[in-house]
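Encoded as C-alpha cells, the structure appears first; notes follow it.
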There are 2 protein chains.
Amino acid sequence: MAFETRLPETGFEHIDDEKCRLFTGYIEIIGKKWSAGIMLAAVRGATRFVEYRALVHGISDRLLNQRLKELEAEGLIERTVVPSTPVLIQYRPTERGRSLMRALQPLVAWGLDDHERAHRRPDQGRE
Amino acid sequence: MAFETRLPETGFEHIDDEKCRLFTGYIEIIGKKWSAGIMLAAVRGATRFVEYRALVHGISDRLLNQRLKELEAEGLIERTVVPSTPVLIQYRPTERGRSLMRALQPLVAWGLDDHERAHRRPDQGRE
DNA sequence: TTAGCGACTTACTATAGGTGAGTGGCTTTC
DNA sequence: GAAAGCCACTCACCTATAGTAAGTCGCTAA
C-alpha cells in the first residue's frame, strides 16, 4: 500500500501480516471488558476471589469468575487450591502474565501524557 | 495490600488508582473487537473504506462503519470528505492515534517473544 | 441502459454482558 | 446448637453488542 503523506512513523508501517495478527490477537484478549482491570489487580497483589472483586470496581461475581477462567486458559493467571480448612483459592499472575503487563507499561505513560495534554488545552489536546 | 512473594515487578505494583483507571479505560477502547486491527490498517496506510475492509480481515461493513465512528469520536482517526466527483472519503490516523500505536509497540515485541517461546518448548513456554 | 463501485443503512439473529438471587461448605457468635 | 456470615461460585433472566445478509443512493464506465 502506497503512503501518500510523510508522517512520524509508529513502527507498524512495515511489519508483516503475521505480526499484525499476533498483535491484534493479544490486544483483544487483554482488551476484553474487565480483563485489564483483573490483571492489574493481580500484579498489584490480589490473590483471593474477594480481593479481586474489591479491586476491580463494578465487576460482578459471574463475570469475574468467567474472566479468571479465561485468563487462566490463556496462561496469564494461575489458580491454586491451598488445602487448608476452609480451602483457600489463590489466583496469581504467571510470569507470562507479568511480562505482558510490563509490555503494557508504555501505555500508562502515554495515557498520562494524553490526559494532561487534553486538560491543558481542552480544544486542541486531541489534534 | 501486602505482597506475599517477591517477584520481578511489572511497574504496576505501586501506581495510584487514578492511573489504573486511565490505563483500563484506554486499553478497553483499543482492545474492543476490531479496533486494534483498524488502527493498524490506518497506520499502515489505509485511507478509504474499502481499503480498511480489505486490510481488516473478516470485518463487516456495519462494524467497520461503527468502529470508524467510535475511533473518530475518540480522536484517534479523522474523517475527511474530499469534494471531488465522486466524493472521496478518507479516514486517517490523527497524531493522537499514531502516538497511541507507538505506545503499543512493546506489545508486538512481547508477542513475538511469547509466540517463539511457546513454539520452542510447547509444554513449558507458558510457565 | 445496465452493470458496478463506494460508502453506508436497515433488519434480523446470535452471542456477550449486566443484575440479582441461590448454593454448599465451612466458621464464628450468641 | 441454632443463627448468621463468609467464600467461591452457579443459575436464570434480560439487555446490549456483534454477526450476517440484504438494500440504498449517488455516481461512473461499458
Side-chain angles (χ1 to χ4, degrees), chain A residues 1-2 4 21 24-25 27-42 45-74 76-93, chain B residues 1-2 4 21 24-25 27-42 45-74 76-93:
Chain A
M1 184 149 300
E4 287 148 33
R21 260 185 289 112
T24 53
I27 206 162
E28 284 178 11
I29 290 164
I30 190 73
K32 211 166 170 182
K33 195 158 190 186
W34 306 113
S35 296
I38 292 170
M39 287 308 295
L40 210 39
T47 55
R48 292 172 3 185
F49 194 90
V50 282
E51 290 171 358
Y52 281 90
R53 199 173 47 198
L55 253 66
V56 184
H57 216 75
I59 198 171
S60 68
D61 285 10
R62 192 178 71 85
L63 266 287
L64 176 53
N65 186 49
Q66 195 172 110
R67 286 290 176 278
L68 284 170
K69 276 182 191 160
E70 290 167 7
L71 294 169
E72 195 194 349
E74 284 296 331
L76 298 172
I77 287 223
E78 67 176 339
R79 181 180 188 272
T80 324
V81 180
V82 181
S84 53
T85 48
V87 289
L88 177 63
I89 291 154
Q90 294 186 319
Y91 295 94
R92 336 181 76 118
Chain B
M1 185 149 300
E4 288 149 33
R21 259 184 291 110
T24 53
I27 206 162
E28 284 180 10
I29 290 165
I30 189 72
K32 209 166 169 182
K33 195 159 189 184
W34 305 112
S35 296
I38 292 169
M39 287 307 296
L40 210 40
T47 55
R48 295 175 357 185
F49 194 90
V50 281
E51 290 170 0
Y52 283 89
R53 199 174 48 197
L55 254 65
V56 184
H57 215 74
I59 197 170
S60 69
D61 284 11
R62 193 178 71 83
L63 267 287
L64 176 55
N65 185 49
Q66 196 173 109
R67 286 289 175 278
L68 284 170
K69 277 183 190 158
E70 291 167 8
L71 294 169
E72 195 193 349
E74 285 295 332
L76 297 173
I77 287 222
E78 68 177 338
R79 182 181 187 271
T80 323
V81 179
V82 181
S84 52
T85 48
V87 290
L88 179 61
I89 291 153
Q90 294 186 320
Y91 296 94
R92 334 180 77 116

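What's counted below: heavy atoms across the whole structure, side chains too, no hydrogens, waters or symmetry copies. So you know, we letter chains A, B, ... as the sequences are listed, proteins then strands, and number each from 1.
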Excluding sequence neighbours, so at least two apart, what forms side-chain contact (heavy atoms from CB on, under 4.5 Å) with [X]?
X     : answer
B/R62 : B/S60, B/Q66
B/T85 : none
A/L88 : A/R48, A/V82, A/S84, A/Q90

Item to complete: List for me each residue that meets salt bridge (charged side-chain N to carboxylate O under 4.0 Å, His left out) alongside B/R79, sequence neighbours excluded, and say none if there are none.
Response: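 Partners of B/R79 by the salt bridge (charged side-chain N to carboxylate O under 4.0 Å, His left out) criterion come out as none, since no residue qualifies.
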
Fill in: Residues that B/E70 engages under salt bridge (charged side-chain N to carboxylate O under 4.0 Å, His left out), provided they are two or more places apart
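For B/E70 the salt bridge (charged side-chain N to carboxylate O under 4.0 Å, His left out) partners, ignoring immediate neighbours, are B/K32, B/R67.
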
Worksheet item: Just the endpoints, please: which first and last nucleotides of DNA chain C, 5' to 3', lie under 4.0 Å from a heavy atom of chain B?
Response: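 Taking any atom under 4.0 Å from a heavy atom of chain B, the span is C/dG6 to C/dA11.
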
Worksheet item: Is there any salt bridge (charged side-chain N to carboxylate O under 4.0 Å, His left out) pair reaching into residues 33-42 of chain B, and which pairs are they, with sequence neighbours excluded?
Response: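 Residue pairs with at least one partner in residues 33-42 of chain B: there are none.
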
Worksheet entry | Nucleic acid footprint by protein, nucleotides 4-21 of chain D - heavy-atom cut-off 4.0 Å, B for base, S for sugar-phosphate alone | ---SSBBBB-----BBB-

Fill in: Minimum heavy-atom distance between B/M39 and B/L76, given as atom pair plus value
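Residues B/M39 and B/L76, closest heavy atoms: CE-O, 3.7 Å.
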
